[in-house]
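This report refers to the structure that appears directly beneath it.
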Amino acid sequence: MQVAGLPRATWLTFRRTYASWAHDKGVSGKVVAQLMGHANVDTTLNVYTQVLDGSVRSAMETVGDELFTIVQQNGGANADQQPLSC
């Protein structure tokens, strides 16, 4: 791969890429752990899965959109109102 101008990659690189992409696409950690041959999902999530660029922003937008919808359905929020319940 160095000849092609690509960075050096090991099997660990591919395993981390797979785990991270699968997690980012919403595949259950238990499923990914099983596919990777891990007895414990903690290994998959803590060692192999990494937060991808854009995932945090996407999560914030998803939650923000949901909160905006709840506020709109309740007629807006005033500072003196109690927190909304879902």
Side-chain angles (χ1 to χ4, degrees):
M1 290 206 297
Q2 299 255 337
V3 175
L6 298 173
R8 183 175 180 273
T10 65
W11 283 109
L12 181 60
T13 304
F14 293 116
R15 290 174 63 80
R16 285 187 171 151
T17 300
Y18 170 75
S20 299
W21 283 355
H23 186 265
D24 193 57
K25 296 302 178 190
V27 178
S28 164
K30 291 281 274 184
V31 171
V32 177
Q34 183 178 1
L35 292 170
M36 294 183 72
H38 297 156
N40 189 324
V41 70
D42 290 341
T43 301
T44 308
L45 295 175
N46 294 330
V47 176
Y48 289 91
T49 304
Q50 300 172 355
V51 176
L52 301 178
D53 293 343
S55 295
V56 174
R57 179 180 267 311
S58 177
M60 290 182 350
E61 288 173 355
T62 299
V63 172
D65 290 345
E66 185 66 24
L67 290 173
F68 180 77
T69 300
I70 291 168
V71 168
Q72 291 303 310
Q73 290 173 349
N74 286 290
N78 295 324
D80 59 340
Q81 287 182 325
Q82 294 296 317
L84 300 172
S85 61
C86 297

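Note that the coordinates shown come from a computational prediction; the quantities given were computed from them, not determined experimentally.
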Does one hydrophobic cluster hold both Leu12 and Tyr18, with members joined at side-chain heavy-atom distances below 4.5 Å?
->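 Yes; tracing contacts between hydrophobic side chains, which count when under 4.5 Å, links both residues.
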If I take atom [atom1] from residue [X] and atom [atom2] from residue [Y], how far apart are they, to the nearest 0.5 angstrom?
X	Y	atom1	atom2	result
Phe14	Thr17	CZ	OG1	7.5 Å
Thr43	His38	OG1	NE2	6.0 Å
Asp65	Ile70	CG	CD1	11.0 Å

Main chain of [Y], side chain of [X]: is a donor-acceptor contact present, judged purely on distance under 3.5 Å?
X	Y	answer
Ser58	Ser55	no
Arg15	Tyr48	no
Ser20	Arg16	yes

Side chains of residues 26-34: which donor-acceptor pairs under 3.5 Å do they make with residues two or more places apart or in other chains?
residue	atom	partner	partner atom	Å
Ser28	OG	Lys30	N	3.2

For atom CG of Asp53, decide whether the heavy atoms of other residues, nucleotides or ligands shown that lie under 6.0 angstrom number more than 12.
-> no
Residues in side chain to side chain contact (heavy atoms under 4.5 Å, CB included) with Val56, at least two apart?
-> Val51, Met60
Quick one: do the His23 and Thr49 side chains pair a donor with an acceptor below 3.5 Å?
->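 The answer is no; no qualifying pair exists.
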